[in-house]
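Just so we're clear, the structure is a prediction, and the values are computed from it rather than from any experiment.
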Amino acid sequence: MSESQRVVLVIPARYGSSRLPGKPLADLLGKPMVQWVYEKAQQVPSASQVVVATDDGRIVEAVRRFGGNVILTSSDHPSGTDRLVEVMEQVDADVYINLQGDEPLVRPDDVERLAQGMLADSATDVGTLYHAIEPEEAQNPNAVKVVLGHQGNALYFSRSPIPYPRELEHHPGYFKHVGVYAYRKGVLKAYSSLPASSLEKTEQLEQLRLLSAGMRIRGFEVEPTGPGVDTPECLQKVRAILAGESYVLVSPLARIKLLITDVDGVLTDGGIYYDATGECMKRFHVRDGLGIRLLEESGIRVAVLSGRDSATLRKRVADLGITLCAFGVKDKETACYRLMEEAGFTAEQTACIGDDSIDLPAFSACGLSYAVADAPIYVKQQASGGVLTLAGGQGALRELADAILVAHGKADVFNSAVGFNAVAGGVTQ
């Protein structure tokens, strides 16, 4: 390590987590997760000090028990970078590396590569990591993509698949951003005073604030990384990896007992047709209808939630035997909770599917949410479960229905004659 430059590794560890409360203290083979990250950080040769920055006394006690350095910070920080700024006021360094507290599989060599890159080039304001991914993963809005210039500096970060593949033979491939950052002290001093840019607000990516301010973010390529811990399912997978055991991923759809679906733009293509008398006509897809009945016959309830109401819609719902429904609803969040209560299931047991802004309150109410393939990008970004490959009115609900049935171990009802015949008496299209 350069004697003139001091590198400190900071591990932000927030106790609150909507999907996994108390995540830093989750047990991994007898040790809290934050300890795994701390011990990996200690293996980085360039690190002169490792510090956990937390907002909770329980994490402070856990870190002290295993002999780690810890600082209790404010609970009001909107991001890990803001927490890092507070640490900077107490721990002096030239370069601060923000190492995520939910990455127990982080490789010390990757962090060292980042540290050495910062030490070698004083003109680099911020450093980060990235690796190549397949086009399929690039479609996931939860995987942040980055494009870089010839010198390795980031040109842009996005939840969208960038760059756009207009000419496939010239496409450089997709790169996933790994959320490990190295900051120079001067950058952190300036960070809090930088205005949040429109790009940051749109993408909900704090690194765009730095790019908008003209700072250079240098990317360092590494091999594909192991999974972080965001959900209980991720935690099980990481436990298995650390124990050297094989792991069969349990789909989050396995816990779904209720599917709430929008109508216009999901069960239909979004078109609304009026005849000369003003009667409304809609086009439904028979595969969606069969998917609904297969779910119902397999013990998974389906509810219809529509912002519109019409005789045509009510007839389709009645033909499919759906008894859980709400029509002409503008407040879809409240309606979702009422449907859950009527069905007797919790939000964690409920998934929903939508296509437009009116469905976003439903997304926030349900444990899992899915967007159809032709939904606007800002709707896709809010879909916690993912984006379907089919468009509204083209079998999108059936795609999700099949995935739910697979997760419940009931794929035979749609992929075998014996399985289908067992429920055939109650199905329709």
Side-chain angles (χ1 to χ4, degrees), residues 5-18 23-24 34 37-38 41 47-57 59-60 63 69-103 111 114-115 117-119 121-130 144 146 153-159 177-220 228 381:
Q5 297 191 68
R6 175 178 164 85
V7 177
V8 169
L9 268 59
V10 182
I11 305 171
R14 189 172 62 90
Y15 189 88
S17 171
S18 58
K23 182 166 58 173
V34 67
V37 181
Y38 191 93
S48 58
Q49 187 175 353
V50 179
V51 179
V52 174
T54 184
D55 61 349
D56 192 275
I59 298 177
V60 170
V63 174
N69 297 317
V70 61
I71 294 176
L72 182 64
T73 60
S74 170
S75 60
D76 298 328
H77 293 309
S79 71
T81 306
D82 292 288
R83 199 174 306 280
L84 204 62
V85 172
E86 183 176 347
V87 172
M88 177 194 68
E89 296 171 353
Q90 302 182 51
V91 180
D92 186 52
D94 300 285
V95 176
Y96 295 85
I97 296 182
N98 185 331
L99 189 59
Q100 300 299 325
D102 56 3
E103 297 283 349
V111 184
L114 177 59
M118 295 294 291
L119 295 173
D121 184 2
S122 60
T124 299
D125 300 310
V126 181
T128 192
L129 303 176
Y130 71 93
V144 178
V146 60
N153 293 323
L155 300 176
Y156 193 62
F157 297 85
S158 180
R159 298 184 184 276
H177 173 232
V178 180
V180 179
Y181 294 97
Y183 301 92
R184 296 205 178 277
K185 186 175 184 177
V187 172
L188 285 180
K189 284 184 175 180
Y191 180 82
S192 298
S193 63
L194 294 176
S197 70
S198 59
L199 293 175
E200 177 189 0
K201 293 177 181 178
T202 300
E203 297 262 16
Q204 290 296 295
L205 298 174
E206 60 183 286
Q207 62 266 45
L208 294 177
R209 181 186 308 189
L210 300 171
L211 283 186
S212 297
M215 295 185 182
R216 293 197 297 178
I217 302 179
R218 176 69 56 82
F220 298 92
Q381 289 172 351

Do [X] and [Y] come within less than 4.5 Å of each other through their side chains, counting heavy atoms only?
X: V180; Y: L99; answer: yes
X: Y156; Y: E203; answer: yes
X: F157; Y: L199; answer: no
X: V85; Y: R83; answer: no
X: V91; Y: Q49; answer: yes
X: H77; Y: L84; answer: no

- Message: Looking only at the side chains, is there a donor atom on one of E206 and Y181 sitting less than 3.5 Å from an acceptor on the other?
- Response: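 No.
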- Task: Indicate whether any N or O donor in one side chain lies under 3.5 Å from an N or O acceptor in the other, for Q204 and R159.
- Result: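 Short answer, no.
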[X] (side chain) donor-acceptor with [Y] (main chain) under 3.5 angstrom:
X: D55; Y: Y15; value: yes
X: S48; Y: V7; value: yes
X: T128; Y: V178; value: yes
X: T54; Y: A13; value: yes

Where is the tightest heavy-atom contact between [X] and [Y], given as atom of each residue plus distance?
X: F220; Y: G127; result: CE1-CA, 4.2 Å
X: V111; Y: L9; result: CG1-CD2, 4.0 Å
X: V126; Y: Y183; result: CG2-CD2, 3.9 Å
X: V95; Y: A182; result: CG1-CB, 4.2 Å
X: V87; Y: I71; result: CG1-CD1, 4.2 Å
X: N153; Y: R218; result: OD1-NE, 2.7 Å

- Begin from the C-alpha positions of S212 and E200 and carry the test side chain to side chain contact (heavy atoms under 4.5 Å, CB included) through to its verdict. CA-CA 9 Å; S212 297; E200 177 189 0; over 6 Å; no
Pairwise distance [atom1]([X]) to [atom2]([Y]) - rounded to 0.5 angstrom:
X: D94; Y: L119; atom1: CG; atom2: CG; value: 8.5 Å
X: R209; Y: M215; atom1: CZ; atom2: CE; value: 10.5 Å
X: K23; Y: D102; atom1: NZ; atom2: CG; value: 4.0 Å
X: L211; Y: L205; atom1: CG; atom2: CG; value: 10.0 Å
X: N98; Y: T81; atom1: CG; atom2: OG1; value: 5.5 Å
X: I11; Y: I97; atom1: CD1; atom2: CD1; value: 11.0 Å

- Task: Carefully, step by step, assess V52 and V60 under the rule side chain to side chain contact (heavy atoms under 4.5 Å, CB included).
- Result: CA-CA 8 Å; V52 174; V60 170; over 6 Å; no
- Check each of R184, R216, M118 against D125 using the side-chain contact (heavy atoms from CB on, under 4.5 Å) test, and report the only one that passes.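 Among R184, R216, M118, the one that satisfies the side-chain contact (heavy atoms from CB on, under 4.5 Å) with D125 is R216.
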- Message: For Q207 and V144: C-alpha separation, side-chain torsions, deciding distance, then whether side chain to side chain contact (heavy atoms under 4.5 Å, CB included) applies.
- Response: CA-CA 11 Å; Q207 62 266 45; V144 178; 4.1 Å; yes
